[in-house]
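Notes follow the structure.
All heavy atoms count here, side chains included; hydrogens, waters and symmetry mates do not. Order of the sequence lines fixes the chain letters, A, B, ..., with proteins taken first and strands second; residue numbering starts at 1 for each chain.
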There are 2 protein chains.
Amino acid sequence: MADRNDVLGAAQRVLNADPGASMTVVAEAAGVSRATLNRHFDSRETLLVELGTRSLDQWAQRLDAVDVEAVAASGDAARIRAALEDLVLGYVDDSDAFGFALTDHVILANAALEERTQALADREAVLFAAAQASGVLRADLPLRWFGHAIYGLLVAAREAVRIGDVARRDAGHLVLSSLLAGVVPS
Amino acid sequence: MADRNDVLGAAQRVLNADPGASMTVVAEAAGVSRATLNRHFDSRETLLVELGTRSLDQWAQRLDAVDVEAVAASGDAARIRAALEDLVLGYVDDSDAFGFALTDHVILANAALEERTQALADREAVLFAAAQASGVLRADLPLRWFGHAIYGLLVAAREAVRIGDVARRDAGHLVLSSLLAGVVPS
DNA sequence: CTCACGTGAGACATGATTGTCTCAAACCGC
DNA sequence: GCGGTTTGAGACAATCATGTCTCACGTGAG
């Protein structure tokens, strides 16, 4: 029997491939009838929002995993740098599964999710601020830019892998290296 | 009277704000009846594809403007570097108007557009290759990655401006600086 | 065995969007 | 001014995804 969570997982896979997939397609992919799909999720939006929530959960988990607040508070440049790298590499891994949430309009338009996104961005910003203070990140860039830049490179990596321009296993390194050092030789 | 081109411009503005806008909304924004809109464009897809074409035209124009082929052939590091900067700054300007085409699924799914996108990416790649050869770009990154990275940062900048995290006039510098030098102090 | 429960299949109404069509009015060049 | 052309307004059919509902079936617990 397909667990509610299994359904969610299948939906994630399908929508990741085609964000416009209909409920019928999602149901088929989940090996479940459309009726059952609607028993689990009142509406399409409910499903999308839940998936958005899932991706934010994952984001939060990444932040927890590196213990951003503690690392930021430490002011230790080496720790901050390491946390930053872990974080970005983790994001790249996640973008594989949650990537569609990065650009899906239904998800992006949801007020609750947007609010939570802001909250998570704030948590992240604390790390960025500490990084700037300790010389790990450039102080001449706006604090808020770092998050966006990472986001953009995630979108880029996802697309590059999809197209076949870069191997999946290289994506993490490319994002991290480009982000930190840029594309010009030093 | 609304010229066909005016309509296209209005459609661009509307869809830039809301990529899911209906034909009715587009027509209203263009100050034209839905009937007339459909006289200009057979279908919604036709309209989208035309807008996609427009954005690719703009891209091509940017490549022409810096004369990529000639610059690449010159092998002159300074010229290459300058062209690269002009190109990216130009893209950032364009992303303001054409940005929605960056992520719209109807446009991205169109075979003809995708083909042309590849062709333009190829033209761009020539410059990147010359840049790598002349030491302007890192040789340890895959050639194809540069285009994606730029694309990603454009998406990032667009979003950052939309949110209000960065001022429009700063976007170009942020993208260029982050792309070239990275976010770590040198 | 039996009963409660979840499920699949499918019919159904609904709503939104799309593309077409018609007709009257406005507009254009001559 | 006239006749051809373009437009707006609105009706129209068709399509499609959605959400609801019913009913028969299978299963699993008691």
Side-chain angles (χ1 to χ4, degrees), chain A residues 1-55 99-114, chain B residues 1-55 100-101 103-114:
Chain A
M1 291 303 115
D3 186 306
R4 181 196 149 96
N5 224 48
D6 296 339
V7 175
L8 213 47
Q12 190 175 90
R13 262 178 288 117
V14 174
L15 293 171
N16 210 20
D18 174 17
S22 72
M23 294 295 268
T24 304
V25 174
V26 172
E28 281 168 2
V32 115
S33 75
R34 206 158 60 85
T36 300
L37 182 58
N38 269 336
R39 282 185 192 107
H40 285 313
F41 308 97
D42 290 348
S43 70
R44 184 173 212 279
E45 187 179 346
T46 302
L47 174 62
L48 268 305
V49 168
E50 192 124 357
L51 286 175
T53 302
R54 246 195 175 197
S55 74
F100 80 100
L102 292 177
T103 53
D104 186 277
H105 285 96
V106 178
I107 294 179
L108 260 38
N110 183 277
L113 292 182
E114 189 167 6
Chain B
M1 290 301 114
D3 186 306
R4 183 196 149 97
N5 222 49
D6 296 340
V7 174
L8 213 49
Q12 191 175 88
R13 262 179 287 119
V14 173
L15 293 171
N16 209 22
D18 174 17
S22 72
M23 294 296 267
T24 304
V25 174
V26 171
E28 282 168 0
V32 115
S33 77
R34 206 160 59 86
T36 299
L37 182 58
N38 268 335
R39 283 187 191 107
H40 284 314
F41 308 98
D42 289 349
S43 69
R44 183 174 213 279
E45 188 178 346
T46 302
L47 174 61
L48 269 304
V49 169
E50 192 123 357
L51 285 176
T53 301
R54 245 195 176 197
S55 74
F100 81 98
T103 53
D104 186 278
H105 285 96
V106 177
I107 293 179
L108 261 38
N110 183 276
L113 292 183
E114 189 165 6

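- Projected onto DNA chain D by closest heavy-atom contact, Ala21(A) and Arg39(A) fall at different nucleotides, the more 5' of which corresponds to Ala21(A).
- The side chain of Ser22(A) sits closest to dA17(D) out of dT18(C), dG19(D), dA17(D).
- Ranking dT17(C), dA9(C), dA17(D) by closeness to the Ala35(A) side chain, first place goes to dA9(C).
- Proximity of Thr36(A) to the phosphate of dG8(C): a side-chain N or O atom is located under 4.0 Å from OP1 or OP2.
- Rounded to an integer number of Å, the gap from CE of Met23(A) to C1' of dG15(C) is 16 Å.
- Distances from the side chain of Val32(B) to the nucleotides dG8(D), dG8(C), dT18(D) place dG8(D) closest.
- Here the options are Asp42(A), Leu48(A), Thr46(A), the test is side-chain contact (heavy atoms from CB on, under 4.5 Å), and the partner is Arg44(A); only Leu48(A) passes.
- If you take CD of Glu28(B) and C1' of dG8(D), they are 13 Å apart, rounded to a whole angstrom.
- Considering only the side chain of Asn38(B), dT20(C) comes nearest among dC21(D), dG10(D), dT20(C).
- Side-chain contact between Val49(A) and Ile107(A) is absent, with no heavy atoms from C-beta onward closer than 4.5 Å.
- Here the shortest heavy-atom pairing between Glu114(B) and Leu108(B) reads OE1-O, 3.9 Å.
- Contact of the Glu45(B) side chain with the Glu50(B) side chain is not registered, since no non-hydrogen atoms from C-beta on lie closer than 4.5 Å.
- When heavy atoms are screened at a 4.0 angstrom cut-off, Arg34(B) is found touching base atoms of the nucleic acid.
- What separates CG of Leu48(B) from P of dG19(C) is a distance of 10 Å, to the nearest Å.
- Distance, Phe41(A) CZ to dT20(D) P: 14 Å, rounded to whole Å.
- With rounding to whole Å, Asp3(B) atom CG is found 10 Å from dT7(D) atom P.
- Nearest heavy-atom pair across Ala29(B) and Ala10(B) is O-CB, 4.0 Å.
- Side-chain proximity of Arg44(B) to dT22(C), dG19(D), dT18(C): nearest is dT18(C).
- Residue order along DNA chain C, read from the 5' end via each residue's closest nucleotide, puts Ser33(A) first among Ser33(A) and Thr24(B).
- When the P atom of dC21(C) is taken as reference, atom CG of Asp42(B) falls 12 Å away, rounded to whole Å.
- Atom CG of Leu47(A) is separated from atom C1' of dG19(D) by 14 Å (rounded to the nearest Å).
- Distance, Leu15(B) CG to dT17(C) P: 13 Å, rounded to whole Å.
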